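A short write-up of the structure that comes next.
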Amino acid sequence: MVKQERALRTRAAVVTAASAEFARAGYDGTSLSRISQLAGMSVGALTFHFRTKRELADAVQEEGRSLTLAALDVLPLEDRPALCQVVDLTLELARLMEEEPPVRAAVRLSRERPGPVSWSHAWLPVVHRLLDEAYAAGQLRESARSADVVTLVEHLTDSAEVYLRGRVADELEFGNAVARLQLIWKLVLTGVSADPVGPRHLTGTEAPSPDLRCTAPGPTA
């Protein structure tokens, strides 16, 4: 039992170190020797748990996916309009990327080594369903097809990871990823959300109708 617990702790330490390095340097820029240094162990000890970099990257992606699913399972969404639920979900994804290196690494690895199980598979089906509901409920402009808004959501989440990675490269502290995404959504909603009590074509200075003010307060950590 003691050996099993020690092995689990060692494995977790390797995944933690690998997550930080994959998020920073990407798949091609990461080596097992660098990860072993970060984890404070020999390469031999590391490869006892993960024989190859591919196996380790798979484990990091699975950890990021599991953290994402766990967070979304407890995200309160039911009492909000479907479009607002999509906004809340993406803000939660941005928070996870900011606070959880395995999630940040999973985003980057899914882009650099596409495979059958990608990070976005953890949340895209929910977004598809919610946007179909939003369109049916008149929360989107008629010209804003749900499939197109799904593409927008994918780009917004990808850009949040790139933003956070850039702050690491510039040796800046994390921060404001969620606030920046809230601002972007505020701008987007003025262009895609329908106003049920006023003109359907909102100008750049008009806000969405009160029931679609989706970016405040947003999800909490």
Side-chain angles (χ1 to χ4, degrees), residues 61-100 102-111 114-164 177-197 200-202 207-221:
Q61 286 186 259
E62 181 55 36
E63 177 69 9
R65 183 175 181 276
S66 296
L67 288 170
T68 301
L69 288 171
L72 296 186
D73 279 345
V74 298
L75 186 64
L77 296 174
E78 291 78 7
D79 296 332
R80 304 265 279 164
L83 181 56
C84 295
Q85 292 183 48
V86 171
V87 173
D88 288 346
L89 188 151
T90 60
L91 295 177
E92 178 66 4
L93 295 177
R95 184 193 69 78
L96 286 169
M97 282 186 274
E98 190 165 51
E99 298 179 3
E100 300 286 356
V103 174
R104 206 159 57 249
V107 182
R108 183 168 186 176
L109 289 172
S110 292
R111 184 169 56 249
V117 180
S118 144
W119 174 72
S120 61
H121 292 170
W123 52 269
L124 264 183
V126 179
V127 170
H128 275 280
R129 174 179 59 79
L130 289 173
L131 287 174
D132 285 342
E133 292 177 10
Y135 191 85
Q139 295 166 12
L140 298 173
R141 294 180 185 273
E142 293 180 3
S143 60
R145 300 181 305 169
S146 59
D148 294 335
V149 184
V150 167
T151 300
L152 169 66
V153 170
E154 291 185 273
H155 279 286
L156 290 178
T157 54
D158 282 345
S159 67
E161 184 270 331
V162 172
Y163 165 74
L164 289 170
V178 175
R180 283 170 60 89
L181 189 53
Q182 284 180 316
L183 175 60
I184 293 170
W185 267 119
K186 181 178 179 181
L187 297 173
V188 167
L189 288 172
T190 63
V192 301
S193 62
D195 185 347
V197 296
R200 291 184 62 83
H201 299 287
L202 302 175
S209 56
D211 63 332
L212 286 179
R213 294 182 184 275
C214 304
T215 57
T220 57

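The model shown is predicted, which means the values in this text are computed figures rather than measured ones.
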Query raised in the report: Where the side chain of Gln139 meets the backbone of Leu83, is there a donor-acceptor pair that is under 3.5 Å apart?
Result: yes
Report task. Any chance you could measure Glu161, atom CD, to Arg111, atom CZ, to the nearest 0.5 Å? Result -> 4.5 Å
Query raised in the report: Quick one: CZ on Arg80 to CG on Asp88, what's the gap to the nearest 0.5 Å?
Result: 4.0 Å
Requested in this report: Of all the heavy-atom pairs spanning Ala82 and Ala134, show the shortest one and how long it is.
Outcome: CB-N, 3.8 Å
Query raised in the report: Is it the case that more than 12 heavy atoms not belonging to Asp79 sit under 6.0 Å from its CG atom?
Result: no
Requested in this report: Heavy atoms only: give me the nearest Gly64-Ala106 pair and the separation to one decimal.
Outcome: CA-CB, 4.1 Å
Report summary line: So CH2 of Trp123 and CG of Leu96: to nearest 0.5 Å the spacing works out to 12.0 Å
Report task. Taking the side chain as every heavy atom from C-beta outward, state whether Leu183 and Arg180 have any atom pair closer than 4.5 Å. Result -> no
Query raised in the report: Out of curiosity, Leu189 CG to Leu140 CG, how far, rounded to the nearest 0.5 Å?
Result: 9.5 Å
Report summary line: Sorted by chain and residue number, the side-chain contact (heavy atoms from CB on, under 4.5 Å) partners of Ala122 (sequence neighbours excluded) come out as Arg65, Thr68, Leu69
Query raised in the report: Excluding sequence neighbours, so at least two apart, what forms salt bridge (Lys or Arg N to Asp or Glu O under 4.0 Å) with Asp132?
Result: none
Requested in this report: Step by step, work out the salt bridge (charged side-chain N to carboxylate O under 4.0 Å, His left out) result for Arg95 and Glu92.
Outcome: CA-CA 5 Å; Arg95 184 193 69 78; Glu92 178 66 4; 2.7 Å; yes
Report task. To the nearest 0.5 Å, tell me how far Leu164 CG sits from Met97 CE. Result -> 7.0 Å
Query - Residues that Glu63 engages under side-chain contact (heavy atoms from CB on, under 4.5 Å), provided they are two or more places apart - result: Val15, Leu67, Pro102
Query raised in the report: Is a donor on one side and an acceptor on the other found under 3.5 Å between the side chain of Tyr135 and the backbone of Glu142?
Result: yes
Query raised in the report: Nearest 0.5 Å, what's the CG-CG distance between Leu93 and Leu181?
Result: 9.0 Å
Do any side-chain atoms of residues 149-158 form donor-acceptor pairs under 3.5 angstrom with protein atoms, and if so which ones, sequence neighbours left out?
residue: Thr151; atom: OG1; partner: Ala147; partner atom: O; Å: 3.3
residue: Thr157; atom: OG1; partner: Val153; partner atom: O; Å: 3.2
residue: Thr157; atom: OG1; partner: Glu154; partner atom: O; Å: 2.9

Report task. Only counting residues at least two apart or in another chain, list the ones meeting side-chain hydrogen bond (donor to acceptor under 3.5 Å, both in side chains) with Ser66. Result -> Glu62
